[in-house]
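Inspection log for the structure reproduced underneath, given as structure tokens.
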Protein chains: 2
Amino acid sequence: MPRPRSSAIWFTDEPDRRPRLSRERITRAAVDLLDVEGVQGLSMRRLAARLGAGTMSLYEYVSSREDVLDLATDAAIAEIEIDGIDGLPWREALSRQLRRSRQVMLRHPWLPALMATRPLLGPHALARSELVYALLHRAGLAGPRLVAAVGALTYYVQGFTAMENAWRGQQPDPAAEAELRRQAQQYLDRRGEAHPTLAQHADLGRDDFDASFQLGLDVVLDGIAAQLGTAGPPADGSGAEGSGRS
Amino acid sequence: MPRPRSSAIWFTDEPDRRPRLSRERITRAAVDLLDVEGVQGLSMRRLAARLGAGTMSLYEYVSSREDVLDLATDAAIAEIEIDGIDGLPWREALSRQLRRSRQVMLRHPWLPALMATRPLLGPHALARSELVYALLHRAGLAGPRLVAAVGALTYYVQGFTAMENAWRGQQPDPAAEAELRRQAQQYLDRRGEAHPTLAQHADLGRDDFDASFQLGLDVVLDGIAAQLGTAGPPADGSGAEGSGRS
DNA sequence: CGGTTATCCGTACAGTGTACGGAAGGAGTC
DNA sequence: GACTCCTTCCGTACACTGTACGGATAACCG
């Protein structure tokens, strides 16, 4: 049933300007929808409904669902603040910056998984990369060693936060979430003979994610500091066992 | 059309024993299917077809598609060898072990993304965790610092390999893959003014993933070595800015 | 006025996960 | 042998998915 398009326009004041949709509007709606429903819950139909548009209208601005996910990813990354760390020594600056990254990834729990599974070439992602690259370059790293250090930091933040979100899971209730972790801990203890070290030191009940995050981050930062102290690569000692394809 | 169930059994020799399906058979088929079609390509219908069974028969052994993915994840993890690193010093042992992990994650490109997005509590995953925990515990770490070190290593391996697989992408052809990277590099250079450090040091054309992986791994291992040298935590210097929920 | 182009979107198709309920046959009990 | 119960198998159905195709409308340009 096509609605009557041009009836009684004199009743409405300036009802619809020409382009109702846009890449930006779609992106914003996608981020909102992802926050509420998760990656599985973002469908083109729901997204269009949220914008008051027909489903296929989206495809005027967006080439596929994957495209929407790319846009939403870069838009969420844009929320990571990048100012206010100018005067700090490199270690403090990185610590601050990566804590900011984690905060945004907690606000958008779908983000780390998407970041880990696609090349990040959006403008905001590149700007955040540039910041970390520049900080470490000024600290004294360059070339492949610089790239390696950035990778170690980036993957740590993404991995930690992805796992944090996985544990928080679909449970928005912190009590239910704690209960789930308690059960997992019990399961771990029950099978404790098979993995004693794990059972003894891993503490799933602990929910001080902030401190845990910082502890692991300090490991990587210590590694970078060590690299800054040495000129050449550390004594390697063994070649790659069964190297990659080709 | 229900097939005639008991006609002419005397023609067939022992045609079908009772339980044709099993959790193990489903798991093996799922891994095979994931290798060929990826996570998107694994559907319950295709999986059942590959096993010569009806779709709904799977649900006798498996509670959902998510369950299948959990099973496949642990089964793939089981392919990571864990022997033969007994006598080695901790650093060599970890290097070897994590290179093995990467090799398996390259053989099963879907694996790192699944590992990053779910708690890994399967028996084989726990056994691999125990190995890393035990190595670092013997090296001198314990408690939260041990957990943090394991996290830094694990997330690095997962993140690096996920990104490596993302770049390799759907392109099985290494030439097409190199071409894609070359285009991305050009794009990066074109926008080079916005991120000079990135443009100058990141080298997408480089495809020596083995060496790059090792370089980043050495950063994290250096960090662990540094932690082993100190008793207390390194001077922190700044509290968490805007701590997590609750 | 006619033609082009941009925007919107209804319909259709092939495919998805899984709830439900039924059928077949083995096992146990009288 | 007859009865019941339980395990295994799975056909059907439903609500939902991404998106190809082509038609409708209207703004803009000559």
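Residue numbering restarts at 1 for every chain, and letters A, B, ... go by the order of the sequence lines.
With sequence neighbours excluded, no residue forms a side-chain hydrogen bond (donor to acceptor under 3.5 Å, both in side chains) with A/S57. With sequence neighbours left out, A/S212 forms a side-chain hydrogen bond (donor to acceptor under 3.5 Å, both in side chains) with A/R206. Residues passing the side chain to side chain contact (heavy atoms under 4.5 Å, CB included) test with B/Q186 are B/R182, B/R190, sequence neighbours excluded.
Using bins of under 30°, 30° to 60° and over 60° for the plane-to-plane angle, the ring pair B/F213/B/F160 lands in the perpendicular bin.
Taking every heavy atom of residues 46-60 of chain A and every atom of DNA chain C, pairs under 4.0 Å involve A/A53, A/G54, A/M56, A/S57, A/E60, by number. Within residues 36-45 of chain B, the residues having any heavy atom closer than 4.0 Å to DNA chain C are, in order of number, B/L42, B/S43, B/M44, B/R45.
Contact check for A/L42 versus A/R65: side-chain heavy atoms found under the 4.5 Å cut-off.
Residue pairs meeting the ring-ring contact (aromatic ring centres under 6.0 Å, His included) criterion with at least one member in residues 104-132 of chain B, sequence neighbours excluded: B/H108-B/W110.
The closest donor-acceptor contact from the side chain of B/R128 to the backbone of B/A78 lies under 3.5 Å.
The separation between B/R20 atom CZ and C/dG25 atom P is 13 Å, rounded to whole Å. The separation between B/I26 atom CD1 and D/dC9 atom P is 9 Å, rounded to whole Å. Residue B/R65 contributes atom CZ, which lies 8 Å from atom P of C/dT18 at whole-angstrom precision.
The existence of a salt bridge linking A/D74 and A/R118 is excluded, since no basic side-chain nitrogen approaches an acidic carboxylate oxygen closer than 4.0 Å.
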